[in-house]
S.K.: 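Here you go, one structure.
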Amino acid sequence: MFGEGFARNPWPVLSSLRDDSGGVHRVATPDGPPAWLVTRAADVHRCLLDNRLSTNVRFAKGSDYRGFAVPAPMDAFQTSDPDDLARLRRGLIAELAPRRLGEWTTRISQLIAPTINRLERVDDIDFVDRVAVPLPAVILGDLLGLPDDARDRLLAWAESTMRADAAPRARDTLASMQQITSIVIEHGRATPDRSVLARLITDGQLSGDQLTGLVFYLLFVWYEVLIDLLAGSVLALSNRPRQLDTFRCGDQLAAVDELLRYLSPQMLAGPRFPVVDVAIGGHVIPAGQTILLCLASANHDPERFDRPDELDLSRSPQSHMALGHGSHACIGAALVRPITAGVLDQLFSRWPELRVTNDENAITWRSGFRHRGPRALPIRPGRPGEAVPISGGEASERSLESQP
Ligand code: HEM
């Protein structure tokens, strides 16, 4: 279930997995070892809150899948004891708290503008290549306060690993990620300024290893999934004029939550290892085996969401699990929403008739194990104010509702 076809349209497969065998299945992961896949929303939700399911690889036993192995100390989030993990998270939560949303939103909007402006007068462009890949590096470099050298290297890393034609996968570039992480920490120590990273590095709450894990997480771990969310959102809105209207006239940050639910760019939570035997969906899972909680399946479970395979930006309330839930829930949420809303707003305000030029079926999807998104997204912005007809209109919008 981890191939390109699945990434493009996982919903029918996930629906049958939810219906069968208590919604819990023994699956083979792409690297080979087996894992338990949990697909029903109620189970996924319960498991995310169950502290008998540890994210710490120390509790993994035998030959079961352990996830993408990152060398110490970059693996701080997978190996810290609960108290240390809570300390790691506390520092970050204080810095990335939703109360800063107003502050972030204005700055993020300023940072997005030059990238969008550069699309002016270009007819056919790949949105992934020109916007989704470079933009997170630009925004993060500024908001976190990266030194120039690290900004340039982060951008170069993203461009060499995240583009559609990129040769190395992110997991094959650990040396370069380690180098950038060290530059950032050295800079933070040498020049304590008022940046987010300098505060985290110099406030003395975190050990050297924890800082390495934290910076690694902040710069690299979520990068690809943000590209997936941005590209998936542009594809979804460019084909659905009514939803685009709702986005432009309504609460744009809330609309991002529905896009997150609908697209579920991060399909799986990080692996969990039960510290004791646990029963889920009628199966007893022995301690130490790997459990994969399928957030995408939970977000499309009809037991939890009405018309789950439809994108409906006026849906409310939107209590999805695309950013996780509970003690490991995403700390970057306060960044994800304004970045996505800002890109969509600037793009579609300037080019209301922007459309994806490829036939939807010709778009290839990244078949990453944990996440999904268009690998490349050819768009034609048109000239500002120029009316480029969207083929199909409302009728095709309806027919698209069951597609990714
Ligand atoms: C589209 C963008 C993103 C998505 C879909 C996403 C999704 C998630 C999910 C599902 C989790 C929970 C993982 C689990 O329970 O195993 C998570 C955790 C986390 N995310 Fe994000 N994330 C995104 C962007 C970001 C950004 C921009 C940052 C920070 C700059 C970030 C930082 C974190 C951190 C620190 C954790 C906590 C890990 C832990 O405590 O184990 N994320 N994210």
Side-chain angles (χ1 to χ4, degrees), residues 38 44-45 47-51 53-57 67-68 70 74-98 100 104 108 132 135-137 139-146 154 184 196-197 200 206 210 213-233 256-257 259-273 290-299 320-341 343-344 368 370-373:
V38 178
V44 172
H45 189 257
C47 288
L48 286 168
L49 295 173
D50 188 338
N51 53 21
L53 305 187
S54 177
T55 54
N56 195 323
V57 289
F68 164 38
V70 177
M74 291 157 101
D75 62 356
F77 273 92
Q78 279 73 50
T79 52
S80 298
D81 289 328
D83 287 353
D84 286 334
L85 186 62
R87 193 171 317 117
L88 259 177
R89 289 181 57 95
R90 256 200 312 277
L92 257 185
I93 287 169
E95 290 294 345
L96 303 182
R100 291 179 170 265
W104 293 127
I108 285 170
L135 202 54
I139 294 176
L140 210 69
D142 185 274
L143 292 186
L144 299 184
L146 299 191
L154 180 63
V184 169
V196 169
L197 272 173
L200 285 167
L206 302 175
Q210 287 173 338
L214 182 85
V215 172
F216 171 68
Y217 211 109
L218 275 186
L219 297 190
F220 303 107
V221 173
W222 56 271
Y223 202 113
E224 201 161 3
V225 77
L226 187 51
I227 296 176
D228 293 335
L229 175 64
L230 293 173
S233 299
V256 173
D257 276 292
L259 286 161
L260 275 162
R261 181 202 70 80
Y262 173 73
L263 294 164
S264 291
Q266 182 162 331
M267 287 194 288
L268 302 173
R272 293 330 198 236
F273 310 102
T290 306
I291 298 179
L292 298 174
L293 303 173
C294 189
L295 307 171
S297 177
N299 284 337
H320 61 79
M321 288 174 246
L323 297 171
H325 186 62
S327 57
H328 294 278
C330 183
I331 300 174
L335 290 174
V336 174
R337 293 188 181 99
I339 291 173
T340 311
V343 169
L344 295 173
R370 298 253 304 262
H371 48 91
R372 59 185 292 268

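Whatever order the structure lists them in is the order used to number ligands and atoms, beginning at 1.
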S.K.: Below 4.5 Å, heavy atoms only, C-beta onward: do His371 and Met267 meet side chain to side chain?
M.R.: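 In short, these two side chains do not touch, never coming nearer than 4.5 Å.
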
S.K.: Looking only at non-hydrogen atoms, which of Gln266, His371, Gln78 approaches atom 7 (C) of ligand 1 most closely?
M.R.: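 The option holding the nearest heavy atom is Gln266.
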
S.K.: Any side-chain to backbone donor/acceptor pair from Asn299 onto Ser264? Under 3.5 Å, distance only.
M.R.: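 Absent.
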
S.K.: With a 4.5 Å heavy-atom cut-off, do Glu95 and Ile331 have their side chains touching?
M.R.: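 They are not in side-chain contact.
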
S.K.: Heavy-atom contacts under 4.0 Å between Leu295 and ligand 1: side chain, backbone, both, or neither?
M.R.: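 Side chain only.
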
S.K.: With nothing but distance in play, are any N or O atoms of Arg89 less than 3.5 Å from an N or O of ligand 1?
M.R.: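 Yes, there is a polar N/O contact under 3.5 Å.
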
S.K.: If we set the cut-off at 4.0 Å for heavy atoms, which region of Pro136 has an atom near ligand 1: side chain, backbone, both, or neither?
M.R.: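 Answer for Pro136: neither.
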
S.K.: Heavy-atom pairs closer than 4.0 Å: do any link ligand 1 to the side chain of Leu323, the backbone, both, or neither?
M.R.: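 Answer for Leu323: both.
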
S.K.: Can you tell which part of Leu92 has a heavy atom less than 4.0 Å from ligand 1: side chain, backbone, both or neither?
M.R.: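 Looking at Leu92 and ligand 1, just side chain atoms fall under 4.0 Å.
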
S.K.: Are side-chain heavy atoms of Val70 and Phe77 found at a separation under 4.5 Å?
M.R.: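 Val70 does not reach Phe77 side chain to side chain.
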
S.K.: Arg272: heavy atom below 4.0 Å from ligand 1, yes or no?
M.R.: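 Contact present.
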
S.K.: Looking only at non-hydrogen atoms, which of Ile93, Leu229, Val256 approaches atom 1 (C) of ligand 1 most closely?
M.R.: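 Answer by nearest heavy atom: Leu229.
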
S.K.: What residue among Leu268, Leu323, Val44 forms side-chain contact (heavy atoms from CB on, under 4.5 Å) with Leu295?
M.R.: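 The single option meeting the side-chain contact (heavy atoms from CB on, under 4.5 Å) with Leu295 is Val44.
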
S.K.: Can you pull out the closest protein heavy atom to atom 25 (C) of ligand 1? Residue, atom name and distance to 0.1 Å, please.
M.R.: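 Protein heavy atom at minimum distance: Trp222 CB, 3.4 Å.
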
S.K.: Is it the side chain (CB and beyond), the backbone, both or neither of Ile331 that lies under 4.0 Å from ligand 1, heavy atoms counted?
M.R.: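 Under 4.0 Å from ligand 1, Ile331 contributes backbone and side-chain atoms.
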
